[in-house]
Amino acid sequence: MKPSAEYDDIAEEYQASKWLPFRHYVERYTLLDLLGDVRGRTVLDMACGEGVYARQFKRQGATEVTGVDVSREMVALAQAQERAEPLGCRYVCADAADFTPDAPVDAVTAIYLLNYARTRAELERFCRACHRALRPGGRLVGFNDNVRRPPPPGSAQELAKYGFERTCAFPPSEGDAIRYRMTLHDDRVFEFDNYYLTPATYEAAMRAAGFADFRWVDARLEPSEREDPFWRDFFAHAPLTAFTARKAAPPTKPARR
């Protein structure tokens with residue numbers, strides 16, 4: 001099943017999953033901390049889903065925010081939110097790998113985008129689209145399935161208390177599915193697949209796209225929660241990770257004498 005069709009079917013459930021605690025205390029905290037101040041900046045949110053982060057960037061002072069997602073139902077939810085609470089976000093239904101903004105942006109976010117690539121070629125297309133969208137010196141910040149820590153057999157229940165389970169063949173091979181089973185507060189359950197590519201494949205794809213300083217960043221916990229033992233298993237298994245890269249600025253021409 002293509003991601004567009006898969007997420008059309010689970011759009012409302014995926015939107016509801018944004019209320020799970022790890023979304024706020026780990027995912028949101030890590031992303032916003034890594035992205036930094038967006039006031040006065042233009043942001044492109046690739047794989048924007050129902051627009052939760054696009055709206056956050058606009059509330060924090062971004063001048064222009066565009067969200068792109070391949071799922072029509074996800075984009076429809078984002079547009080409905082914009083109509084209910086107009087912030088000035090723009091949403092486009094398109095394959096992120098094919099999308100180019102009207103003008104280069106200051107920052108691109110790729111939140112659970114790259115882990116839908118099943119091959120290095122597909123991953124390179126995503127990376128090149130992110131690079132193409134950025135102005136020189138602009139930054140890419142993202143969140144991803146942690147391909148550095150694939151789930152070992154029998155570990156699925158260790159994460160269940162956080163609202164999801166994560167399973168795959170072990171050890172995984174390039175292109176293997178990583179199955180996520182999400183359980184919402186009202187006990188609704190839905191599932192979807194990410195795909196495994198090695199960390200080396202990610203690093204090579206980023207270099208091929210033109211990013212010279214790609215690096216992984218471990219997920220972080222909001223400081224107010226750091227004394228709570230509830231989060232111990234989450235970080236012991238480290239199912240999710242952040243990453244960042246920068247588009248190189250052109251070399252400065254020497255001044256004329």
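None of these values were measured; they are calculated from a predicted model.
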Discussion item. As a quick check of understanding, evaluate side-chain hydrogen bond (donor to acceptor under 3.5 Å, both in side chains) for Glu50 and Tyr7, giving each step before the final call.
Written reply: CA-CA 11 Å; Glu50 81 294 355; Tyr7 280 86; over 6 Å; no
Discussion item. Other members of the hydrophobic cluster containing Tyr91, with the 4.5 Å side-chain heavy-atom rule, please.
Written reply: Val75
Fill in: Distance-only side-chain donor-acceptor flag, Thr244 / Arg139, under 3.5 Å
yes
Discussion item. Please check if the number of heavy atoms outside Glu122 that lie under 6.0 Å from its CD is greater than 12.
Written reply: yes
Discussion item. Quick one, Arg125 with Asp98, criterion side chain to side chain contact (heavy atoms under 4.5 Å, CB included). Give me CA distance, side-chain angles, the key distance, then yes/no.
Written reply: CA-CA 8 Å; Arg125 288 186 66 220; Asp98 297 327; 2.4 Å; yes
Fill in: Straight-line distance of Leu197 CG to Glu174 CD, nearest 0.5 Å
5.0 Å
Worksheet item: Does the ring center of Tyr29 lie less than 6.0 Å from the ring center of His24?
Response: no
Response to the item:
Smallest heavy-atom separation, Leu184 atom then Phe190 atom, equals CD2-CE2, 3.8 Å
Discussion item. Starting from Phe192, can I reach Trp19 by hopping between I/L/V/M/F/W/Y residues whose side chains sit under 4.5 Å apart?
Written reply: no
Discussion item. Do Val65 and Leu77 sit in one hydrophobic cluster, given that two such residues count as connected whenever their side-chain heavy atoms are within less than 4.5 Å of each other, even indirectly?
Written reply: no
Worksheet entry | Any Pro239 side-chain heavy atom under 4.5 Å of Pro151 side chain | no
Worksheet item: Do Tyr202 and Phe243 have their ring centres less than 6.0 Å from each other?
Response: no
Worksheet item: So, does Arg41 use its side chain to make a donor-acceptor pair with the main chain of Asp37 at under 3.5 Å?
Response: yes
Worksheet item: Within the side chain of Asn194, is there an N or O that forms a donor-acceptor pair under 3.5 Å with the backbone of Ile178?
Response: no
Worksheet entry | Salt bridge flag under 4.0 Å for residues Arg179 and Glu165 | no
Worksheet, complete the sentence: In short, Arg23 meets Ser17 closest at the heavy-atom pair NH2-OG, 2.8 Å
Practice prompt. Could you tell me which non-hydrogen atom of Pro150 sits nearest to which non-hydrogen atom of Pro172, and how far apart they are?
Written response: CB-CG, 3.7 Å
Worksheet, complete the sentence: Scanning both residues in full, the closest heavy-atom pair of Tyr112 with Ala47 reads O-CB, 4.3 Å
Item to complete: Determine, stepwise, if the pair Arg220 / Thr30 fulfils side-chain hydrogen bond (donor to acceptor under 3.5 Å, both in side chains).
Response: CA-CA 5 Å; Arg220 305 165 183 168; Thr30 303; 5.8 Å; no
Discussion item. The test is side chain to side chain contact (heavy atoms under 4.5 Å, CB included); show your working for Tyr14 and Met74 and say whether it passes.
Written reply: CA-CA 9 Å; Tyr14 195 84; Met74 284 290 195; 3.3 Å; yes
Discussion item. Counting the benzene-type ring for Trp, do Trp231 and Tyr162 have ring centres under 6.0 Å apart?
Written reply: yes
Discussion item. With clusters defined by side-chain heavy atoms of hydrophobic residues (ILVMFWY) lying less than 4.5 Å apart, directly or transitively, does Val26 cluster with Phe230?
Written reply: yes
Worksheet item: Of all heavy-atom pairs between Leu35 and Ala107, which one has the smallest distance, and what is that distance?
Response: CD1-CB, 4.1 Å
Worksheet entry | Trace of the salt bridge (Lys or Arg N to Asp or Glu O under 4.0 Å) decision for Lys58 with Glu85 | CA-CA 12 Å; Lys58 204 70 172 69; Glu85 183 188 358; over 6 Å; no
Worksheet item: Is the side chain of Asn115 donor-acceptor paired with the backbone N or O of Asp145 at a distance under 3.5 Å, no angle test?
Response: yes
Item to complete: Measure from the side-chain N and O atoms of Thr241 to the backbone N and O of Val217, and report whether any donor-acceptor pair falls under 3.5 Å.
Response: yes
Worksheet item: Can you list the steps and then say if Arg118 with Asp176 is a salt bridge (Lys or Arg N to Asp or Glu O under 4.0 Å)?
Response: CA-CA 8 Å; Arg118 304 187 193 201; Asp176 279 354; over 6 Å; no
Discussion item. Can you confirm whether Pro104 sits close enough to Leu134 that some side-chain heavy atom of one is under 4.5 Å from a side-chain heavy atom of the other?
Written reply: no
Worksheet item: Does the Asp106 side chain pair with the main chain of Thr42, one donor and one acceptor, at a distance under 3.5 Å?
Response: yes
Practice prompt. For residues Ala96 and Met46, report the shortest heavy-atom separation together with the two atoms involved.
Written response: O-CE, 3.5 Å
Worksheet item: Glu222 and Ser224: side-chain hydrogen bond (donor to acceptor under 3.5 Å, both in side chains), yes or no, with the steps?
Response: CA-CA 6 Å; Glu222 186 175 291; Ser224 65; 2.9 Å; yes
Fill in: Arg90 vs Asp45, salt bridge (Lys or Arg N to Asp or Glu O under 4.0 Å): CA-CA, chis, key distance, verdict
CA-CA 10 Å; Arg90 171 177 173 251; Asp45 186 11; over 6 Å; no
Worksheet item: Would Phe170 end up clustered with Val147 when hydrophobic side chains under 4.5 Å apart are linked, directly or stepwise?
Response: no
Practice prompt. Please confirm whether the backbone N or O of Ala236 pairs with a side-chain atom of Arg149, one donor and one acceptor, at under 3.5 Å?
Written response: yes
Practice prompt. Could you walk me through whether Phe164 and Thr183 pass side chain to side chain contact (heavy atoms under 4.5 Å, CB included), step by step?
Written response: CA-CA 6 Å; Phe164 67 97; Thr183 303; over 6 Å; no
Worksheet item: Side-chain contact, heavy-atom cut-off 4.5 Å: Leu20 with Tyr25?
Response: no
Worksheet item: Less than 4.5 Å apart, any side-chain heavy atom of Tyr196 and any of Cys168?
Response: no
Discussion item. Would you say that Leu34 contacts Phe143 through its side chain, given a criterion of any heavy-atom pair below 4.5 Å between the two side chains?
Written reply: no
Discussion item. Tell me whether Lys247 contacts the main-chain N or O of His131 through its side chain, where contact means a donor paired with an acceptor under 3.5 Å.
Written reply: yes
Discussion item. Looking at Leu87, is its backbone amide N or carbonyl O close enough to the side chain of Glu82 to form a donor-acceptor pair, meaning the two atoms are under 3.5 Å apart?
Written reply: yes
Practice prompt. Evaluate the side-chain proximity of Arg55 to Gln60: yes if any heavy-atom separation is below 4.5 Å, no if none is.
Written response: no
Item to complete: Tell me, please, which residues at least two apart from Arg120 pass side-chain contact (heavy atoms from CB on, under 4.5 Å).
Response: Glu124, Thr201, Ala204, Ala208
Worksheet entry | Which residues share a ring pair (Phe, Tyr, Trp, His ring centres under 6.0 Å) with Phe57, sequence neighbours left out | none
Worksheet item: Rounded to the nearest 0.5 Å, what separation is found between the CD atom of Glu158 and the CZ atom of Arg166?
Response: 13.0 Å
Worksheet item: If you measure from OG1 on Thr109 to CD on Gln56, what distance do you get to the nearest 0.5 Å?
Response: 12.0 Å
Worksheet item: Taking NZ, NE, NH1 and NH2 as the nitrogens, is one of them in Arg72 or Asp8 under 4.0 Å from a carboxylate oxygen of the other?
Response: no
Discussion item. Quick check: do Leu159 and His237 have side-chain heavy atoms less than 4.5 Å from each other?
Written reply: yes
Discussion item. Return the CZ to CZ distance between Phe99 and Arg132, rounded to the nearest 0.5 Å.
Written reply: 10.0 Å
Discussion item. Are Val68 and Cys48 packed together at the side-chain level, in the sense that at least one heavy-atom pair is separated by less than 4.5 angstrom?
Written reply: no
Worksheet entry | Under 3.5 Å: donor-acceptor pair, side chain of Asp69, backbone of Gly49 | yes
Fill in: Tyr180/Glu191 under side chain to side chain contact (heavy atoms under 4.5 Å, CB included): CA gap, chis, key distance, verdict
CA-CA 5 Å; Tyr180 277 80; Glu191 300 181 350; over 6 Å; no
Item to complete: Establish, yes or no, whether a centroid distance under 6.0 Å links the rings of Tyr195 and Tyr116.
Response: no
